[in-house]
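One structure below.
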Amino acid sequence: MKIATWNVNSIRTRQDIVKEWLAKNLVDVLCLQETKVIDADFPRSPFEELGYHLYISGQKAYNGVAIFSLNPMEDVSTGFAPIVGDLEAEEFESQKRVITGIMEGIRIVNLYVPNGGGLDSDKYHYKLGWLSILRKYLEVFRKKEQLEICICGDFNIALEDIDIYNPKGKENHIMSSPPEREALNKVLEIGFFDVFRKFTSEGGYYTWWDYRGGGFQRNRGWRIDTHYLTSNLYEKVVNSTIDKATRGLPKPSDHAPVILEL
DNA sequence: ATGGCGAATGCAATTCGA
């Protein structure tokens, strides 16, 4: 089984690229972020024609997540509220960044972590608060279900310096500041492991390259899109790769898809 | 340090992303 994650930076703009990629790769599950479209306007048919079931949670202009699955998913929900309660989730429900469902006994959680703006901005604190609720959300699943969990998506955090092309001075940079790393590490302490690092320990592998300044051509990138797995699932994974070639296509997303194989 | 590029909105210029 293959589970992929891809921040597409607008599903309407990237519709053809995603369809062609899926037709070639036919992954069992594709988790998308930054779909940037309300559910009523989501381009469903190209993907349904390939045999996928679509589970979507979008909004106007920003954010938006979706899961495409070859087999139907069970117990699909969107946002934090159905899991942690309305009161805890209240502040975070207007931005569509979370969708989950069960696929072949695996709880799959697709996330678009807030960008965070500048250090110490309102958006930065929103990001840290969001990660705190995410921890509670995942703890509920761990307690009430006996399922292995795959969380994947755009985390907007590079956990280690080797995940950044030039880590020098990046402790004061969004996506690599110590409080962000600490907040994500607290989530992972529940029992999640970075599956890409099971296979690749060296640096130089990235999933996002800035559109500006020839970031991709110079391989000035960041590894911020990942799968984190509970231990039994982690042990079963046989491969984890980044499809860097998609970033070199005409009119690409600034992120490349990441694929794991069970 | 700054700005650069791209998308959405909505029709020019601004907001947002990372």
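We use all heavy atoms of the structure for the numbers below, so side chains are in, but hydrogens, waters and symmetry mates are not. Letters A, B, ... mirror the listed sequences (proteins, then strands); counts begin at 1.
- Taking the C1' atom of each, dG17(B) and dC11(B) are spaced 22 Å apart, rounded to whole Å.
- dA1(B) and dA7(B) are spaced 28 Å apart, taking the P atom of each and rounding to whole Å.
- Comparing K251(A) and W222(A) by the nucleotide of DNA chain B whose heavy atom lies nearest to each, the residue mapping closer to the 5' end is K251(A).
- Comparing dA12(B) with dA8(B), their C1' atoms sit 14 Å apart, to the nearest whole Å.
- Screening N9(A), N7(A), T5(A), D154(A) against Q33(A) for a side-chain hydrogen bond (donor to acceptor under 3.5 Å, both in side chains) leaves a single residue, T5(A).
- One interatomic measurement links the two molecules: CD1 of I17(A) to C1' of dA7(B), which rounds to 14 Å at whole-angstrom precision.
- Contact between the side-chain N/O atoms of T13(A) and the OP1/OP2 oxygens of dA8(B) is found at a separation under 4.0 Å.
- The separation of dG10(B) from dT14(B), taken at their P atoms, amounts to 15 Å, rounded to a whole angstrom.
- Whole-Å rounding puts the I38(A) CD1 to dA8(B) P distance at 13 Å.
- Taking atom CZ on R218(A) and atom P on dG4(B), their separation rounds to 15 Å, with Å as the unit.
- Hydrophobic clustering of Ile, Leu, Val, Met, Phe, Trp and Tyr side chains at less than 4.5 Å, counting indirect connections, unites V113(A) with F92(A).
- Close to dA7(B), at under 4.0 Å from its OP1 or OP2, lies a side-chain N or O of R14(A).
- The separation between W208(A) atom CH2 and dC5(B) atom P is 14 Å, rounded to whole Å.
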Response to the item:
Heavy-atom contacts, protein to nucleotides 9-17 of chain B, under 4.0 Å, summarised as B (base), S (sugar-phosphate only) or - (none) per nt, yield SS----BSB
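- With rounding to whole Å, Q15(A) atom CD is found 12 Å from dA8(B) atom P.
- Nucleotides dT15(B) and dG3(B) are separated by 14 Å at their P atoms, to the nearest Å.
- Side chain of R181(A) to backbone of L159(A): a donor-acceptor contact under 3.5 angstrom is found.
- With side-chain heavy atoms closer than 4.5 Å counting as contact, directly or through intermediates, the hydrophobic cluster containing F196(A) also holds Y205(A), I242(A), V258(A).
- E139(A) and R135(A) are joined by a salt bridge, as a carboxylate oxygen and a charged side-chain nitrogen come within less than 4.0 angstrom of each other.
- Within a 6.0 Å radius of CG in D122(A), other residues, nucleotides and ligands contribute 12 heavy atoms or fewer.
- E148(A) and K236(A) are not joined by a salt bridge, as no carboxylate oxygen comes within less than 4.0 angstrom of a charged side-chain nitrogen.
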